Engineer: 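Quick one: the structure is below, questions incoming.
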Amino acid sequence: MAASTILPLILLTLTPVLLITIPQTLAQTPVAPAPAPAGPVNLTGILDKNGQYTTLIRLLQQTQVGTQVNNQLNGSTEGMTVFAPTDNAFNNLKAGTLNGLNNQQQVQLVLYHIAPKYYSLSDLQSVPNPVRTQATGQNGGVFGLNFTSQGNQVNVSSGMVVTQINNALRQQFPLAVYQVDKVLLPEELFEAKSPSEAPSDVDKGSPADGKNSTRTVGAEEPSTAGNGSGGLNVGFGVVVGLALACMGVLS
């Protein structure tokens, strides 16, 4: 039998088998599971995953700001933006900077690195300044940050510190986390007192000046008293002399 006749017969024989086995093979192919829903956003978890943020994580935990941020994020319509200083940034601070802050001031410092709104890097290139942060003063005033851009580079300034935003650890609503290589020091906490606020030299020396004044007055009093007694003695001598003269005339 010619090959041209055998080939069609083979195909006719195999067709029913293929029609049965192919659907079964497709049915047995496992279907990829749907992606699990995203869990709650965890700021400290994001920082821990990226490393080099142990000091910031410790401050977030000690001040309980980390828990506060996580609670706000998972019900927020505005989102948040965190500027995360690295461990090197904290290590480069002047010795005793953190230890010199009381508990409330440490809370303010951490909150100063958090903006109560989600900002992408492109948003920060054109955002109106100043951008308010979560930190507030005792009088209710809001601590702000200022942003400038040059090309794709964004700089952030606290008024005392200027640094670049180098890396986006997360940039997905409701949370953006950006690496900064300097700790953002707010002027409200770290600015040196102006000369007008310092005690004046007169105030500093008033106790000593008072003592000196007392001594001066005391030194002058004997002189004044001496002058007075001299005047009395002279007057008394004049009177006695006149009396004696009169007695001589009468005698």
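Because the structure is a prediction, the values reported are computed rather than measured.
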Engineer: Report the distance from atom OG1 of T133 to atom CE of M80, rounding to the nearest 0.5 Å.
Structural biologist: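 Answer for the OG1-CE pair, T133 versus M80, is 11.5 Å.
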
Engineer: Check side chain to side chain donor-acceptor pair (under 3.5 Å) between Q72 and all other residues, then give those that pass, not counting sequence neighbours.
Structural biologist: Q134

Engineer: Look at atom CZ of R58 and say whether more than 12 heavy atoms of other residues, nucleotides or ligands are closer to it than 6.0 Å.
Structural biologist: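 Yes, the 6.0 Å shell around CZ holds more than 12 heavy atoms from other groups.
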
Engineer: Could you report the tightest heavy-atom contact between Q171 and L121, atom names first, then the distance?
Structural biologist: OE1-N, 2.9 Å

Engineer: With sequence neighbours left out, write down each residue that passes ring pair (Phe, Tyr, Trp, His ring centres under 6.0 Å) with Y53, or none if nothing qualifies.
Structural biologist: none

Engineer: Drop me the distance from L56's CG to Q61's CD, to the nearest 0.5 angstrom.
Structural biologist: 10.0 Å

Engineer: Between I165 and Q153, which heavy-atom pair has the shortest distance, and what is it?
Structural biologist: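 The answer is O-NE2, 3.5 Å.
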
Engineer: Could you work out, with side chain to side chain donor-acceptor pair (under 3.5 Å) as the rule, every residue matching T67, not counting sequence neighbours?
Structural biologist: none

Engineer: Could you tell me the separation between the OG1 atom of T148 and the CD atom of Q125, rounded to the nearest 0.5 Å?
Structural biologist: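 Interatomic distance, T148 OG1 to Q125 CD, rounded to 0.5 Å: 10.5 Å.
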
Engineer: Report whether M160 and I114 are members of the same hydrophobic cluster (ILVMFWY, side-chain heavy atoms less than 4.5 Å apart, transitive linking).
Structural biologist: yes

Engineer: With side chains defined as the heavy atoms from C-beta onward, is the minimum distance between I46 and V41 less than 4.5 Å?
Structural biologist: yes

Engineer: Transitive ILVMFWY cluster of Y118 at side-chain heavy atoms under 4.5 Å: who else is in it?
Structural biologist: F173

Engineer: Counting only pairs under 3.5 Å, give me each side-chain donor-acceptor contact of residues 91-100, with atom names and distances, residues two or more places apart or in other chains.
Structural biologist:
| from | atom 1 | to | atom 2 | distance (Å) |
| --- | --- | --- | --- | --- |
| N91 | ND2 | D87 | O | 3.2 |
| N92 | ND2 | N88 | O | 3.1 |
| T97 | OG1 | K94 | O | 2.5 |

Engineer: Please report the shortest heavy-atom distance between P130 and G144, naming the atom on each side.
Structural biologist: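 That closest heavy-atom pairing would be CB-CA, 4.4 Å.
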
Engineer: Taking everything shown except Q64 itself, do over 12 heavy atoms lie less than 6.0 Å from its CD?
Structural biologist: no

Engineer: Do L185 and Y112 come close enough that some side-chain heavy atom pair is under 4.5 Å?
Structural biologist: no

Engineer: Got a sec, which pairs hit side-chain hydrogen bond (donor to acceptor under 3.5 Å, both in side chains) with one end in residues 75-86, sequence neighbours left out?
Structural biologist: none

Engineer: Side-chain contact, heavy-atom cut-off 4.5 Å: L60 with V110?
Structural biologist: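 The answer is yes, as the side chains (C-beta and beyond) meet within the 4.5 Å cut-off.
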
Engineer: Got a second to check how far T63's OG1 is from Q68's CD, nearest 0.5 Å?
Structural biologist: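 Those atoms lie 8.5 Å apart.
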
Engineer: Report the residues that fulfil side chain to side chain contact (heavy atoms under 4.5 Å, CB included) with Q105, sequence neighbours left out, ordered by chain and then residue number.
Structural biologist: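 So Q105 forms a side chain to side chain contact (heavy atoms under 4.5 Å, CB included) with L101, N102, Q108, L189.
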
Engineer: Checking Y119 now: which residues fulfil ring pair (Phe, Tyr, Trp, His ring centres under 6.0 Å) with it, not counting sequence neighbours?
Structural biologist: none

Engineer: Heavy-atom distance under 4.5 Å between the side chains of Q106 and L109, does that happen here?
Structural biologist: no

Engineer: Around atom CG of N152, are there more than 12 heavy atoms from other residues, nucleotides or ligands closer than 6.0 Å?
Structural biologist: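 It does not: N152 CG has 12 such atoms or fewer within range.
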
Engineer: Which residue pairs pass the ring-ring contact (aromatic ring centres under 6.0 Å, His included) test when at least one of the two sits in residues 128-163, sequence neighbours left out?
Structural biologist: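 For residues 128-163, and leaving out neighbouring residues, the ring-ring contact (aromatic ring centres under 6.0 Å, His included) pairs sorted by first residue read F83-F147.
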
Engineer: Any heavy-atom pair between the side chains of S157 and L145 that's under 4.5 Å?
Structural biologist: no

Engineer: Mark yes or no for whether D48, through its side chain, and G45, through its backbone, hold a donor-acceptor pair below 3.5 Å.
Structural biologist: no

Engineer: Evaluate the side-chain proximity of H113 to V183: yes if any heavy-atom separation is below 4.5 Å, no if none is.
Structural biologist: yes

Engineer: Test of understanding: with side chain to side chain donor-acceptor pair (under 3.5 Å), list the residues that count as partners of T44, not counting sequence neighbours.
Structural biologist: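 Once residues adjacent in sequence are excluded, the partners of T44 under the side chain to side chain donor-acceptor pair (under 3.5 Å) criterion are N42.
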
Engineer: Rounded at 0.5 Å granularity, tell me how far CG in L175 sits from CG in L73.
Structural biologist: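 It is 5.0 Å, given to the nearest 0.5 Å.
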
Engineer: My understanding is that only residues two or more places apart in sequence, or in another chain, count here; which of them pass ring pair (Phe, Tyr, Trp, His ring centres under 6.0 Å) with Y178?
Structural biologist: none

Engineer: Who passes side chain to side chain donor-acceptor pair (under 3.5 Å) against D181, sequence neighbours left out?
Structural biologist: N166, Q179

Engineer: Taking all non-hydrogen atoms of both residues, which atom of E187 and which atom of G159 are closest, and how far apart?
Structural biologist: OE2-O, 3.6 Å

